[in-house]
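Here's the structure, in structure tokens; my notes come after.
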Protein chains: 2
Amino acid sequence: MMKKYTIKDIAQLAGVSKGTIDRVIHNRGNVAKDVEDKVKQLLADIDYQPNLIARNLKNNRIYQIGALLPDPKKDAYWEVCSDGIQQALSEFSAFDIRLNTFLFDPTDTKSFMEHHELLLDSAPDMILMVPLFYKEAKTVLEHYKALNIQVCTFNNQIDASIASFIGQDLYQSGRVAAKLMHSIIDKGDMAIIHIDEKYKNAVHMQEKEKGFKSYFDDLDGFTDDILKCKIRYTETEDKLRDFLKDHPNLTGIFVTNSKAFHVARLLESENKGHIKLVGYDLLSENVHYLKDGVIDFLIHQNPRQQAYLGLKFLIENLVFEKDIPGKHLLPIDIINSENVTPFLRA
Amino acid sequence: MMKKYTIKDIAQLAGVSKGTIDRVIHNRGNVAKDVEDKVKQLLADIDYQPNLIARNLKNNRIYQIGALLPDPKKDAYWEVCSDGIQQALSEFSAFDIRLNTFLFDPTDTKSFMEHHELLLDSAPDMILMVPLFYKEAKTVLEHYKALNIQVCTFNNQIDASIASFIGQDLYQSGRVAAKLMHSIIDKGDMAIIHIDEKYKNAVHMQEKEKGFKSYFDDLDGFTDDILKCKIRYTETEDKLRDFLKDHPNLTGIFVTNSKAFHVARLLESENKGHIKLVGYDLLSENVHYLKDGVIDFLIHQNPRQQAYLGLKFLIENLVFEKDIPGKHLLPIDIINSENVTPFLRA
DNA sequence: TTGTACGCGTTATCAT
DNA sequence: ATGATAACGCGTACAA
């Protein structure tokens with residue numbers, strides 16, 4: 001194993017002082033060209049890696065990170081995010097990281113903008129956010145970009161060029177759902193049901209639908225129908241009941257967001273347990289029906305891990321100057337009644 | 001948010017010097033009782049947290065970690081472990097961690113013991129190991145325990161009281177396999193196939209079998225047969241062919257280890273693609289048959305993550321004095337042809 | 001019993 | 001243009 005070189009070592013080897021080495025490393029000028037070249041060569045030769053610990057020792061400023069997140073009280077989907085955030089904070093408790101969280105109402109764009117203003121007032125060094133509303137988020141992100149504030153977004157992607165993103169490949173997750181459905185039904189009609197939460201951008205669910213259909217398009221000799229049903233959140237039950245009545249041949253339903261439990265509730269009360277059901281997310285109501293056998297599979301989007309990674313990327317960039325990936329896709333977890341438990345733990 | 005106190009701050013508050021504070025913190029004696037009490041009270045009041053980073057700055061000893069692992073050349077299952085190890089090392093590259101790896105032949109207990117001796121000679125501070133052979137591993141672990149060397153084991157558990165363990169709940173993973181099988185077949189016989197690698201302890205596969213059976217035992221009105229077949233590694237093909245011939249009603253096969261591709265190969269060549277197949281582990285041959293549709297599901301035991309976590313736990317204990325969990329169970333990942341790709345990346 | 005001074009690696013500042 | 005030095009937070013040997 002090689003020795004670990006320090007600036008002191010380099011200085012000795014080059015026959016100059018530590019200060020000169022530092023100037024070269026940080027391109028701070030005031031170094032003679034020949035010396036600079038010599039030192040740079042030396043640094044490259046021995047693959048010098050600065051000691052990040054010592055670097056942060058001096059750099060004792062308090063980092064401020066702002067978080068703009070949906071209020072879990074309005075939608076249980078977001079509850080686990082705070083676990084992920086706590087984990088990241090505790091992992092980096094050795095550093096002085098301050099997190100200011102601003103929770104907006106996920107049904108209200110105005111709330112989003114208001115809390116964005118508050119966040120901005122808190123003068124954050126970096127920002128973690130869920131850019132739930134396309135138009136507003138885009139504006140806000142451009143604002144941050146102009147201010148040169150690094151942002152990590154998760155859950156849904158706005159624009160690859162404007163901020164780092166952590167999430168899932170939604171098209172592919174639609175394909176995963178399709179493969180699961182194909183595994184568990186032999187014949188009969190399938191339905192894709194969008195239960196529109198109104199506030200969430202439809203792009204989300206459309207991507208999943210596209211992926212779902214593409215799987216069956218790729219199959220040879222597949223002729224069964226794929227029905228489609230769009231339901232507004234407020235009228236879920238009636239519309240669903242009508243839809244089921246209209247399509248007695250239905251054998252499989254794919255719900256493109258976390259609201260599968262609405263469908264499950266109805267299937268159970270109408271004794272239509274033979275209809276297979278695939279949905280998203282480990283909300284406690286979904287998990288309940290999964291364990292009961294009404295829901296067959298759930299796809300786990302892991303918002304907890306998304307929030308954790310986002311914050312971790314930001315912190316590692318602050319304290320270690322690590323690069324933040326422009327896009328980080330999480331694996332698509334398939335959940336059934338038997339493997340669900342360990343995914344629920346905090 | 002509170003200010004982050006340093007030893008210097010405490011000293012000032014207590015009206016004593018840094019040295020005294022340090023003596024109190026580390027119970028190093030030579031402190032007047034009244035002063036000690038006062039300082040302790042102060043420390044508790046402000047919830048003093050030492051800066052772990054500065055602590056390691058001076059502590060420039062080189063940590064030696066020994067790894068006793070199966071040779072990936074003998075069984076491809078172990079190939080990805082080195083990725084996990086590299087990740088952990090790079091994550092902690094700021095510290096001076098030396099890893100000495102000793103690869104043993106996973107078919108040979110003698111090789112295990114020999115490399116254990118070599119490992120011991122290298123005078124490691126801590127040890128990461130795969131305790132593949134029960135009897136030998138137990139002896140070895142007791143030896144390390146007597147020497148007071150911290151050990152992290154992964155893959156298979158020997159004894160909860162003797163070493164930390166990272167792995168999966170094998171019984172539960174058998175239940176996951178059963179649930180999957182139950183989802184994709186309606187009728188006909190099922191078979192549990194143990195392809196004995198001879199060297200691996202049978203406990204592994206037995207636990208999975210128990211879990212698999214327990215799932216169907218819990219089902220009401222389930223009467224179909226669950227066949228069982230044990231095959232020695234060297235005679236896989238012939239035995240398998242006979243077994244298939246003897247049981248024409250077979251509709252589902254559960255292979256309890258990473259050797260499902262042997263069965264897949266045969267099913268493909270004998271045109272028995274209608275038989276559903278569930279197995280373990282993302283070996284390239286398994287993934288090939290998964291994508292081809294011959295294997296329906298694989299359960300991912302994530303040896304890469306197991307190795308990563310084991311090493312991470314050891315290092316964090318060395319440099320941050322974090323506790324090592326006695327047992328850490330990974331979630332049981334369900335893999336099909338559509339979600340496999342992101343699980344393969346390094 | 002207690003205080004002081006130094007070292008760890010990096011970096012900013014000041015003097016040359 | 002370059003070298004010397006102090007400072008960050010902690011641990012500790014040594015002096016008082």
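Reminder, nothing fancy here: chain letters follow the sequence lines and each chain counts from 1.
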*asked:* Using a 4.0 Å heavy-atom cut-off to protein, can you give one letter per nucleotide of nucleotides 10-16 of chain D, 5' to 3': B if the base is in contact, S if only the sugar-phosphate is, - if neither?
replied: BBB----
*Take atom CD of Gln12(A) and atom P of dG9(C), then tell me their distance rounded to the nearest Å.*
12 Å
*Where the side chain of Asp9(B) meets the backbone of Thr6(B), is there a donor-acceptor pair that is under 3.5 Å apart?*
yes
*Mind listing the closest non-hydrogen atom pair of Gln168(B) and Leu330(B) along with its distance?*
CG-O, 3.6 Å
*Rounded to the nearest Å, what distance is computed from the NZ atom of residue Lys33(B) to the C1' atom of nucleotide dT2(C)?*
17 Å
*asked:* To the nearest 0.5 Å, what is the distance between CG on Asn155(B) and CD on Gln301(B)?
replied: 7.0 Å
*dG3(D) phosphate, OP1 or OP2: any side-chain N/O from Thr20(A) under 4.0 angstrom?*
yes
_Interatomic distance, Lys38(B) NZ vs dT2(C) P [rounded to whole Å]_ = 11 Å
*Whole Å only: how far is the CG atom of Asn30(A) from the P atom of dG3(D)?*
13 Å
*His116(B) ring center near Phe104(B) ring center (under 6.0 Å)*: no
*Please check if the side chain of His143(B) supplies one atom and the backbone of Thr139(B) the other of a donor-acceptor pair under 3.5 Å.*
no
*asked:* Please check this pair: side chain of Gln150(A) against backbone of Ile127(A), looking for a donor-acceptor N/O pair closer than 3.5 Å.
replied: no
